[in-house]
Amino acid sequence: MPLVSMRQLLDEAAKGGYGVGAFNVNNMEQIQAIMEAARETKSPVIIQASRGARSYSQDRFLYHLMVAATELYPEIPVAMHQDHGNSVATCKSAIEQGFTSVMMDGSLMEDGKTPSSFEYNVKVTREVVELAHAKGVTVEGEIGTLGGIEDGHGAGGSGLEHLTDPDQAAEFVRQTGLDALAIAIGTSHGAYKFSSKPTGETLKMDRLIEIHKKLPGVHLVMHGSSSVPKDLQDVINQYGGKLKPTWGVPVEEIQLGIKNGVRKVNVDTDNRLAMTGAVRRVLAEQPEKFDPRDYMKPARDAMKKVVAQRMVQFGQAGHAGDYQPLPLSEMAKWYK
Ligand SMILES: [Zn+2]
């Protein structure tokens, strides 16, 4: 099956009451890890690339790797998503390069750092919705801003500085007509999300529930939702790494989110940790090795394990064959 619309994946997830992990990639092994996990757990998937990933791997490499994934795993619906588009032009180029879904993050200005105004956010998001929907492509927007910085993108700070306001979120959805809404509830990008296990004071699940009550039909997106498990941190530090102690978003909080309208869950850091730990272990235990496959294969296996675990935890496992994905041309008609 060809790459599919993210909107359809999320609509189906809403019907089934589950969440779909959106995993970041920038190379072949990561795509293979996700597809193997999807096959093993029979899961639909969202694979996403940031601007940094697109420039690292180049759009054509990325696109053709994704097409290879759909050819080799024809039973798995796969949406290819631009993570944190910083401008209309970035989203437009993603659509031209074959992405089936884009995020217009108008919560920040084009520099990807400075928080923007509500009016600016509505204007750029609305513009992307118009050009994307005409081609059947899905649009995610963001209201409120996340904490932290990853791949050079983010406002920095703690994540509590610009929480999403529920009334503003409702107005934003009404004015833009987007498909999925990323909200700020205290999470941050990167490995250093919380300096201790998050509580209701630092991770505002009550805010998420309030937003869902106002917008029960809207697909919510949790960014910065790696759980940063201690065992993955430990492997890195055991083999010469120097990670400072850190806490992510506990899986049970994500599951509470999924019960309250979260349909897309962004996970990147956990996979980075798993791969790096596996590479470090091989290089430390077998210093005579020099074939990249000797450490890339365990790295790929380690990522696959984390992804498969998340697919089960988010509830998407078992749902790959539930529906017949529509071509983007059909989605374009549907939007009209
Ligand atoms: Zn994000």
Side-chain angles (χ1 to χ4, degrees), residues 6 10 19-26 30 34 45-56 79-87 90-91 94 99 101-116 121 124-125 128 138-164 169 172 178-194 198 203-204 207-208 211 219-228 246 248-249 253-254 257 262-273 307 310 314:
M6 186 172 86
L10 300 183
V20 183
F23 305 101
N24 287 74
V25 299
N26 49 56
Q30 293 168 326
I34 296 166
V45 286
I46 300 164
I47 300 186
Q48 58 186 12
S50 65
R51 274 188 297 142
R54 285 178 62 190
S55 74
Y56 172 82
M80 181 178 179
H81 177 74
Q82 158 84 60
D83 192 17
H84 289 287
N86 65 319
S87 65
T90 297
C91 294
F99 285 67
S101 179
V102 293
M103 177 182 191
M104 175 65 239
D105 180 0
S107 75
L108 301 174
M109 299 301 289
E110 198 169 333
D111 65 6
K113 290 180 179 67
T114 315
S116 68
N121 197 354
V124 290
T125 307
V128 171
T138 310
V139 179
E140 175 184 340
E142 177 169 325
I143 187 87
T145 55
L146 276 98
I149 299 175
E150 193 165 59
D151 274 0
H153 184 100
S158 75
L160 292 170
E161 286 158 37
H162 306 277
L163 293 176
T164 302
F172 185 66
L178 48 63
D179 301 286
L181 181 68
I183 54 171
I185 53 166
T187 62
S188 297
H189 291 123
Y192 299 99
K193 299 181 192 300
F194 301 104
L203 178 61
K204 303 280 191 185
R207 181 69 64 107
L208 183 149
I211 295 166
H219 304 313
L220 301 180
V221 183
M222 275 177 85
H223 280 242
S225 290
S226 277
S227 303
V228 200
T246 174
V249 182
E253 300 292 350
I254 297 171
V262 171
R263 299 293 159 233
K264 174 171 180 272
V265 186
N266 288 11
V267 174
D268 187 4
T269 296
D270 288 353
N271 294 326
R272 294 179 176 199
L273 293 173
V307 171
R310 295 289 175 274
F314 299 164

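Here the structure is a predicted model, which means the values were calculated and not measured. Both counts, for ligands and for their atoms, begin at 1 and track the order of listing.
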Option from His84, Gln48, His81 for which side chain to side chain donor-acceptor pair (under 3.5 Å) with Glu140 holds: His81
Heteroatom count (protein N, O or S) under 2.8 Å of the Zn ion (ligand 1): 3
Heavy-atom side-chain proximity of Asn266 to Val221 below 4.5 angstrom: yes
Worked check of side-chain hydrogen bond (donor to acceptor under 3.5 Å, both in side chains) between Gln82 and Arg51: CA-CA 8 Å; Gln82 158 84 60; Arg51 274 188 297 142; over 6 Å; no
Validation row: Val102, Val139 side chains within 4.5 angstrom (heavy atoms): yes
CG-CZ distance between Leu181 and Arg263, expressed to the nearest 0.5 angstrom: 13.5 Å
Ring-face cation contact, Phe23 with Arg310, 6.0 Å cut, 45° max: no
